[in-house]
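Remarks on the structure that follows.
Computed from heavy atoms alone, side chains included, the values below leave out hydrogens, waters and symmetry copies.
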Amino acid sequence: MGKAKKTRKFAEVKRMLNPKDLKPPDKTPAALFFRYNTQLGPPYNVIVDTNFINFSIRNKIDLVQGMMDCLYAECTPCITDCVMAELEKLGQKYRVALRIAKDPRVERLPCTHKGTYADDCICERVKQHRCYLVATCDRDLRRRLRKIPGVPIMYIQSHRYSIERLPEATMGGAPRT
């Protein structure tokens, strides 16, 4: 093998292993003891997504009562400004969902960022605080949330709410899948 060939191969390997391409590892907070989030506990704060409200209406499930039946504890549904903006953009067809979102039992969370993309807003808020459960039926958002350790996900399964990734110690025997 000639000198030019060796140099070329070395340069190819060097290009593949560029240190600028490597991301620093995500630092997990100390509250995640044995993979479970110790900041979670009743009363639960549940961030609700747009499609979760729509599917709840379609399945005729009351938002607050369904959450209490699932978690066996008091729950506070929270809606960000981005989710509210998404519901307002959907128009007259989703006016019932907007009315549910403006219910006085639902807490409103203000957003400080630009834009109204709710999925990014929910992911960033959960990464910052880690004291929320997330209620969504969106597959892409659930896939993104599974990458964040210690964030339980609530979704609708067979006409009732179901929860994943919430330890039994904080649940009291809620249905799991």
Any chance you could lay out the salt bridge (charged side-chain N to carboxylate O under 4.0 Å, His left out) test for Asp120 and Arg144, step after step, and finish with the verdict? CA-CA 10 Å; Asp120 289 340; Arg144 284 175 66 181; 2.7 Å; yes
Answer with yes or no whether the hydrophobic clustering places Tyr117 together with Leu145; edges join I, L, V, M, F, W, Y residues whose side-chain heavy atoms lie under 4.5 Å apart. no
What distance separates Ile100 CD1 from Ile57 CD1, expressed to the nearest 0.5 Å? 4.0 Å
Please report the shortest heavy-atom distance between Cys78 and Leu109, naming the atom on each side. CB-CD1, 3.6 Å
Keeping to residues at least two apart or across chains, list the side-chain hydrogen bond (donor to acceptor under 3.5 Å, both in side chains) pairs with something in residues 88-102. Lys89-Thr116
Taking every heavy atom of Cys121 against every heavy atom of Cys111, the minimum-distance pair comes out as SG-SG, 3.3 Å
Nearest 0.5 Å please: distance from the CG atom of Asn54 over to the CD atom of Glu86. 9.5 Å
So which pairs with a foot in residues 103-119 pass salt bridge (charged side-chain N to carboxylate O under 4.0 Å, His left out), sequence neighbours left out? Asp62-Arg105, Asp81-Arg108, Asp103-Arg105
Given the side-chain rings of Tyr161 and Phe55, with only the six-membered ring counted for Trp, is the space between their centroids under 6.0 Å? no
Is any side-chain heavy atom of Arg143 closer than 4.5 Å to one of Asp140? yes
What distance separates Asp138 CG from Tyr155 OH, expressed to the nearest 0.5 Å? 15.0 Å
Over all atoms of both residues, closest heavy-atom pair of Arg130 and Pro149: NH1-O, 2.7 Å
Please determine whether residues Ile61 and Val64 belong to a single hydrophobic cluster, defined as Ile, Leu, Val, Met, Phe, Trp and Tyr linked transitively by side-chain heavy-atom distances below 4.5 Å. no
side-chain contact (heavy atoms from CB on, under 4.5 Å) test vs Ile156 passes for just one of Asn59, Asn51, Thr136, namely Asn59
Inter-residue atom distance Cys123.SG - Gln128.CD, 0.5 Å rounding: 11.5 Å
Rounded to the nearest 0.5 Å, what separation is found between the CD1 atom of Ile53 and the CG atom of Leu98? 8.5 Å
Can you see which heavy atom on Met154 is nearest to which on Cys70, and at what distance? CE-SG, 4.4 Å
Under a 4.0 Å threshold between the charged nitrogen and the carboxylate oxygen, would Asp49 count as salt-bridged to Arg142? no
Would you check if Val134 and Val126 make a side-chain contact, meaning some heavy-atom pair closer than 4.5 Å? yes
OG/Ser56 to NE2/His159 distance, rounded to the nearest 0.5 angstrom? 12.5 Å
Step-by-step side-chain contact (heavy atoms from CB on, under 4.5 Å) determination, Ile47 to Ile79: CA-CA 6 Å; Ile47 295 181; Ile79 292 186; over 6 Å; no
Would you say the side chain of Ile163 lies within less than 4.5 Å of the side chain of Ile153, judging by non-hydrogen atoms? no
Please give me the minimum heavy-atom distance between His113 and Cys82, naming the atom from each residue. CE1-SG, 3.1 Å
Decide yes or no on side-chain contact (heavy atoms from CB on, under 4.5 Å) for Leu90 and Thr50, but give the supporting numbers first. CA-CA 10 Å; Leu90 291 173; Thr50 308; 4.0 Å; yes
Residues forming a side-chain contact (heavy atoms from CB on, under 4.5 Å) with Glu74, sequence neighbours excluded: Pro43, Met68
